[in-house]
Engineer: 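The structure's right below; bear with me while I get my questions together.
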Amino acid sequence: MGLLFYGSTAYAIEIEDRSLAHLKVAILTLLRAQKSIAFSYARSVQEGSGRDTLWITPTRTSDSTSTATGPHA
């Protein structure tokens with residue numbers, strides 16, 4: 001079993017290793033494409049049962065005052 005951390009180490013979701021490896025690839029692929037992800041999972045009995053959904057979005061940083069020049073600007 002592995003842990004998926006969301007936001008901070010205070011919020012961790014326990015997931016089987018194989019599923020966690022798949023999620024890592026899927027989530028990173030979508031975030032690289034600047035797409036958001038809704039991820040639902042079942043809470044354990046110790047956490048009160050039920051389901052939770054995480055909304056994961058890519059962070060975009062924009063710098064409207066950039067004056068970069070050159071071949072990569």
Side-chain angles (χ1 to χ4, degrees):
M1 294 295 260
L3 295 173
L4 170 68
F5 293 100
Y6 181 74
S8 70
T9 56
Y11 193 80
I13 305 162
E14 192 171 343
I15 301 175
E16 293 182 18
D17 290 334
R18 187 176 176 121
S19 297
L20 188 57
H22 173 75
L23 279 172
K24 178 182 174 181
V25 171
I27 289 172
L28 289 176
T29 299
L30 290 168
L31 290 176
R32 283 187 193 125
Q34 296 297 311
K35 299 195 184 247
S36 299
I37 304 115
F39 171 69
S40 293
Y41 65 97
R43 287 186 306 223
S44 68
V45 174
Q46 294 83 6
E47 296 173 337
S49 298
R51 299 192 64 78
D52 275 332
T53 300
L54 305 178
W55 183 251
I56 305 169
T57 76
T59 302
R60 295 183 190 188
T61 304
S62 62
D63 182 5
S64 60
T65 61
S66 177
T67 57
T69 59
H72 300 290

Engineer: Cut-off 3.5 Å, no hydrogens considered: what does the side-chain donor-acceptor table look like for residues 14-32, sequence neighbours left out?
Structural biologist:
from, atom 1, to, atom 2, distance (Å)
D17, OD1, G2, N, 3.2
T29, OG1, V25, O, 2.7

Engineer: Once you round to the nearest 0.5 Å, how far does CD1 of I13 lie from OH of Y6?
Structural biologist: 9.0 Å
Engineer: Among pairs that include at least one residue of residues 46-55, which meet side-chain hydrogen bond (donor to acceptor under 3.5 Å, both in side chains), considering only residues two or more places apart or in two chains?
Structural biologist: S40-T53, Y41-D52, R43-D52, S44-Q46
